[in-house]
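For reference, the structure is listed below as C-alpha cells.
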Amino acid sequence: MALYEKHFTPEQRRELENRRADLGPERIEDLKATWIGLVEEGLALVAAGSPADGPEARDAD
C-alpha cells in the first residue's frame, strides 16, 4: 500500500476507486486478464529479441 500512496495523490486514489466502482469486479478481472496477456506477449517478444519498434511490437494485441 505504501507504494500506491507514494505514487498517487489522494485525489488520484479517489478517482481510481471511483473507476473501479463504476466498472465493477467482473470487468476489473477481465481487464486484469487482458493486461496479463499483453505483458506475456511483450515478454515473449523481448525474449525473442524483437526490436521495440518492430512490426511484431506494433501489431501486438
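The first residue of the sequence shown is numbered 1, and numbering continues consecutively from there.
- Legend: residues meeting side-chain contact (heavy atoms from CB on, under 4.5 Å) with Pro10, ordered by chain and number and at least two apart, are Arg13, Arg14.
- Ala52 approaches Ala57 most closely through the heavy-atom pair O-CB, 3.3 Å.
- Using a 4.5 Å cut-off between side-chain heavy atoms of Ile, Leu, Val, Met, Phe, Trp and Tyr, Val46 forms no hydrophobic cluster with any other residue.
- Glu29 pairs by the side-chain contact (heavy atoms from CB on, under 4.5 Å) definition with Lys32, not counting sequence neighbours.
- When atom types are taken as modelled, the side chain of Arg58 and the backbone of Asp53 share a donor-acceptor pair closer than 3.5 angstrom.
- Apart from Ile28 itself, the hydrophobic cluster it occupies contains Leu23, Leu31, where clustering links Ile, Leu, Val, Met, Phe, Trp and Tyr at side-chain heavy-atom distances under 4.5 Å.
- Scored by the side-chain contact (heavy atoms from CB on, under 4.5 Å) test, Glu40 finds Ile36 as partners (sequence neighbours excluded).
- Here Gln12 contributes atom CD and Thr9 contributes atom OG1; the two are 3.5 Å apart, rounded to the nearest 0.5 Å.
- Every pair tested for ring-ring contact (aromatic ring centres under 6.0 Å, His included) that includes a residue from residues 12-53 fails, sequence neighbours excluded, so the list is empty.
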